[in-house]
Amino acid sequence: MNTNGASANQYAQAIMQAMMERWQSSLATVTAQLQQNPQLLSMLANSGYDLNERLGALGSVIPNDAPPELQNTLKVMVEEGTIGLVDQLGSALAQVASGHSAPKKASVTSAVALSAEEQEQLRRSLLAQYGDDLVFDFAVDPSLMGGLRVRVGDRLIDTSVATRLQAMRETLSAAVR
């Protein structure tokens, strides 16, 4: 990278750092106030209250110098009923800004309990396919009758007997009509 590019990169990093500090400072203030007043947090999350009333209450805990993007994000969270996630927003924001993502969850459900060796083999296979940032959760669901149901992030791999029988049932029903 040339000297000009390196300098521009340093300026960009300084801007991002300043923006993050401002966001995180304002967010920490809001989070602390909501943690000190759980009734307010409950009211903000309760769609039974008038939206304008909830947004007015939210305005009382947002610092005046908070970035407008943060203010709008918090308002959307109140409107969507997800303001309870405000304490997780700070760490998620830091992860996004740093370019790192949270580990993905790999949920493996089987009809019978898998042995330690089978679990390890499945772990190796999924890590090779999806990367090293997987956290595993193994569960048993006898209604699967056999096979596995694996969910990694938003991807579902279902090789269970129950799903195959359901597909056959639907195919036969469509053919009879």
Side-chain angles (χ1 to χ4, degrees), residues 1 5-6 9-10 12-17 19-32 34-36 38 41-42 44-47 69-70 73-74 76-176:
M1 183 182 292
N9 190 29
Q10 287 177 330
Q13 288 178 355
I15 291 169
M16 283 300 296
Q17 184 64 35
M19 288 172 41
M20 283 300 301
E21 287 173 3
R22 192 167 161 222
W23 265 71
Q24 288 180 320
S25 173
S26 296
L27 191 56
T29 300
V30 171
T31 301
L34 291 177
Q35 287 175 344
Q36 292 172 0
L41 180 59
S42 176
L44 291 174
N46 187 341
S47 62
E69 301 86 4
L70 177 62
T73 300
L74 293 170
V76 168
M77 290 174 77
V78 167
E79 291 172 9
E80 298 291 324
T82 57
I83 193 68
L85 300 175
V86 71
D87 57 341
Q88 297 170 19
L89 182 59
S91 59
L93 183 61
Q95 282 181 341
V96 168
S98 69
H100 296 97
S101 61
K104 289 184 271 186
K105 184 176 180 182
S107 297
V108 179
T109 307
S110 57
V112 296
L114 299 175
S115 69
E117 183 180 311
E118 290 170 324
Q119 287 183 5
E120 186 56 35
Q121 186 178 15
L122 195 53
R123 274 190 186 97
R124 282 194 302 269
S125 174
L126 291 172
L127 288 170
Q129 187 173 359
Y130 292 100
D132 293 333
D133 63 340
L134 292 180
V135 176
F136 290 89
D137 175 46
F138 291 91
V140 175
D141 181 358
S143 71
L144 296 181
M145 295 188 261
L148 296 173
R149 185 174 290 149
V150 180
R151 181 177 297 278
V152 178
D154 61 353
R155 178 122 194 253
L156 176 66
I157 304 163
D158 192 341
T159 63
S160 68
V161 172
T163 298
R164 290 180 184 182
L165 287 173
Q166 179 64 31
M168 287 173 52
R169 188 177 304 121
E170 290 172 6
T171 301
L172 289 171
S173 294
V176 171

Legend entry - Interatomic spacing from CZ in Arg22 to CE in Met19 - rounded to 0.5 Å: 9.0 Å
Legend entry - CD (Glu69) with more than 12 external heavy atoms under 6.0 Å: yes
Inset, instruction - To the nearest 0.5 Å, tell me how far Leu144 CG sits from Arg164 CZ. - result: 11.5 Å
Legend entry - Side chain Ser125, main chain Gln121, donor-acceptor under 3.5 Å: no
Inset, instruction - State whether the side chain of Ser115 and the backbone N or O of Glu118 hold a donor-acceptor pair below 3.5 Å, judged by distance alone. - result: yes
Inset, instruction - Locate the shortest heavy-atom distance separating Gln35 from Asp87; write the atom from each residue and the value. - result: NE2-CB, 4.2 Å
Inset, instruction - Answer yes or no: is there a side-chain heavy-atom contact under 4.5 Å between Leu156 and Arg149? - result: yes
Legend entry - Residue Glu79 excluded, over 12 heavy atoms near CD under 6.0 Å: yes
Legend entry - Thr31 OG1 to Gln36 CD distance, which is reported to the nearest 0.5 Å: 11.0 Å
Inset, instruction - Carefully, step by step, assess Leu148 and Leu122 under the rule side-chain contact (heavy atoms from CB on, under 4.5 Å). - result: CA-CA 11 Å; Leu148 296 173; Leu122 195 53; 4.0 Å; yes
Legend entry - Short side-chain to backbone donor-acceptor contact, Ser42 and Pro38, under 3.5 Å: no
Legend entry - Reported CD-to-OG1 distance for the pair Gln88 and Thr82, which is rounded to 0.5 angstrom: 10.5 Å
Legend entry - CD on Glu80 to OG on Ser47, rounded to 0.5 Å: 11.5 Å
Legend entry - Spacing of CD1 belonging to Ile15 relative to CD belonging to Gln10, to within rounding of 0.5 Å: 12.0 Å
Legend entry - Leu44 to Val78 - nearest heavy-atom pair and separation: O-CG1, 3.7 Å
Inset, instruction - Please check if the side chain of Ser25 supplies one atom and the backbone of Glu21 the other of a donor-acceptor pair under 3.5 Å. - result: no
Inset, instruction - State, to 0.1 Å, how close Thr109 and Val140 come at their nearest heavy-atom pair, and which atoms those are. - result: CG2-C, 4.4 Å
Inset, instruction - Decide yes or no for Val150 and Arg155: does some side-chain heavy atom of the first lie under 4.5 Å from some side-chain heavy atom of the second? - result: no
Legend entry - Asp132, CG atom: more than 12 neighbouring heavy atoms under 6.0 Å: no
Legend entry - From CA spacing to verdict: side-chain contact (heavy atoms from CB on, under 4.5 Å), Asp137, Val108: CA-CA 6 Å; Asp137 175 46; Val108 179; over 6 Å; no
Inset, instruction - Starting from the C-alpha separation in whole Å, work towards a yes-or-no answer on side-chain contact (heavy atoms from CB on, under 4.5 Å) for Arg151 and Lys104. - result: CA-CA 10 Å; Arg151 181 177 297 278; Lys104 289 184 271 186; over 6 Å; no
Legend entry - Main-chain N/O of Thr159 paired to Thr163 side chain as donor or acceptor, under 3.5 Å: no
Legend entry - Check against side-chain contact (heavy atoms from CB on, under 4.5 Å), Leu89 and Leu27: CA-CA 8 Å; Leu89 182 59; Leu27 191 56; 3.9 Å; yes
Legend entry - Arg123 versus Phe138, closest heavy-atom pair with distance: NH2-CE1, 3.5 Å
Inset, instruction - Can you sort out the partners of Arg124 under salt bridge (Lys or Arg N to Asp or Glu O under 4.0 Å), two or more places apart, ordered by chain and number? - result: Glu120
Inset, instruction - List the atom of Leu74, the atom of Ile83, and the distance in Å for their closest heavy-atom pair. - result: O-CD1, 4.0 Å
Legend entry - Atom of Leu126, atom of Phe136 and distance for their closest heavy-atom approach: CD1-CE2, 3.7 Å
